[in-house]
2 protein chains.
Amino acid sequence: MARTSSTPYAILGFLTLTPMSGYDIRKEAASSIGHFWSESYGQIYPSLRKLEAEGLVRRQNTDSSGGRERQTFAITPRGRKALQKWRARAPHSAPPRNELLLKLFFADEQSATHDANWIAELKEKETARLAEYRSLRRQLLKEQRNHPSLPFWLATLRYGIHRSRAVVCWCQETLDMLGTYPAVANQVSQKNG
Amino acid sequence: MARTSSTPYAILGFLTLTPMSGYDIRKEAASSIGHFWSESYGQIYPSLRKLEAEGLVRRQNTDSSGGRERQTFAITPRGRKALQKWRARAPHSAPPRNELLLKLFFADEQSATHDANWIAELKEKETARLAEYRSLRRQLLKEQRNHPSLPFWLATLRYGIHRSRAVVCWCQETLDMLGTYPAVANQVSQKNG
DNA sequence: AAATGCATGTAACGCGTTACATGATTTT
DNA sequence: AAAATCATGTAACGCGTTACATGCATTT
């Protein structure tokens, strides 16, 4: 198996919940861990093949009811062991790369209007996310009330909430600061008070 | 020039401050934007060559006083224009990838001790960062008091502060949650109160 | 003389995205 | 019949890290 990629383990993780197709995994990932992790088909399908070749997953049944045939995979006992081993290894945190901040760092009074607009957008996006988090939280509390993993899922959600709140707060502070530049104050199409 | 990489622009940005060598850029980047951006030599040196070939930077003087010869680069007028154009383009935010959260999402009561330890470490790291931010802030306010870019630099710093505070807060909440599992409470080597 | 540190640079590798190709089914 | 949707898959590409190679100076 690949040395450093966590993609195969993300796949194994989802397959512990229930057997799934690559398509399902993608969809599930987007809705449940999308706020801190992303996977593309270009990663998932090849990974599934490798995992199958190593006996960590097995093809369950290819049912063709509705649409193209679906390849459903299930995790094997060896797959569960591999997942456990991965779980025990310390996570490495990737070096951060935030292009908005990079641009802001090299801003000047003339061009700061751009930043103000981007930051206003970001503020709205993160505010919208907070609403999504709340609804996702309600949904989890209702539909997964007794799932033993619920506390862990909620913990990752809380991370997103803390993060978004911090970002929204920073956005407002920074918009206020940028607003002190006349060039910015006059040009920004803002709904920030 | 490369289509999507922001590395060349980060380099151009630093060269607007003062002419520098690749080595200097790396050091400067680590200390000033290291909390939200990273560059490696493997990126910087080839980028500098390309930028030179395109006339966006020029080699200034290769002074060999002390150690190996130093290649110092300065930004050209065309380089400034390229930087301005980049500044005007909206930043794209990379899809997030947080391996700690991925592992936590697939945690179970047995293995949650690992997470608790990592989270305790993270909490200390982010707490230490907060102290670094404060000292960096003091330094900026003293040494760059009149630099026109100071407000933008402070804004990026505030981002880090908000972010770290949020993470520390989440860490504590999550440690408390994990502590309710007997298996975790007994095994974690903790100094968290 | 050896080891360490400064400074420049390259090569190889793997990862992940993007774009594309395919094919079947349902909708219009 | 055409368009849109579901589902699987591949190929190409670029980016960024890691590891390595080099060489000069200073320290021990």
note: B:Arg97, atom CZ; C:dT17, atom C1'; distance rounded to Å ~ 10 Å
Polar contact flag, side-chain donor to acceptor under 3.5 angstrom, B:Glu39-B:Thr7: yes
In whole angstroms, the gap separating P of C:dG9 from NZ of B:Lys50 amounts to 14 Å
From the list A:Trp153, A:Tyr159, A:Tyr133, ring-ring contact (aromatic ring centres under 6.0 Å, His included) partner of A:His35 resolves to A:Tyr133
Rounded to whole Å, CD of B:Gln43 lies from P of C:dA11 at a distance of 15 Å
Does NZ or CZ of A:Arg26 come closer than 6.0 Å to the centre of the six-membered ring of A:Tyr41, within 45° of the ring's axis?
-> yes
In whole angstroms, the gap separating C1' of D:dT17 from OH of B:Tyr45 amounts to 16 Å
Quick note, A:Arg49 side chain, CB onward, closest among D:dT10, C:dC15, C:dA7 is D:dT10
Hey, is the side chain of B:Ser21 poking within less than 4.0 Å of OP1 or OP2 on C:dT8, counting only N and O atoms?
yes
Contacts satisfying ring pair (Phe, Tyr, Trp, His ring centres under 6.0 Å) that involve residues 81-101 of chain B (not counting sequence neighbours) are B:Tyr9-B:Trp86
Taken to the nearest whole Å, CD1/A:Ile44 to C1'/C:dT18 is 15 Å
Quiz item: Got a salt bridge between A:Arg87 and B:Asp108, using NZ or NE/NH1/NH2 to carboxylate O under 4.0 Å?
Solution: no
Rounded to whole Å, CD of A:Gln71 lies from C1' of D:dA7 at a distance of 10 Å
(message) Can you see if the side chain of A:Ser40 gets near the phosphate of C:dT18 - specifically, an N or O under 4.0 Å from OP1 or OP2?
(response) no
Can you tell me if B:Ser38 touches the phosphate of D:dT17, counting only side-chain N or O atoms and a distance under 4.0 Å to OP1 or OP2?
yes
Whole-Å distance, B:Asp24 CG to C:dA7 C1', equals 10 Å
Note: for B:Pro95 and B:Pro46 on DNA chain C, the residue whose nearest nucleotide lies more 5' is B:Pro46
Separation of D:dT17 atom C1' from B:Glu39 atom CD, nearest Å, is 12 Å
Winner on side-chain proximity to A:Thr4, out of D:dT8, C:dA7, C:dG14, is C:dG14
Note to self: On the nucleotide D:dC15, are OP1 or OP2 found under 4.0 Å from the side-chain N or O atoms that B:Thr7 carries?
What the structure shows: no
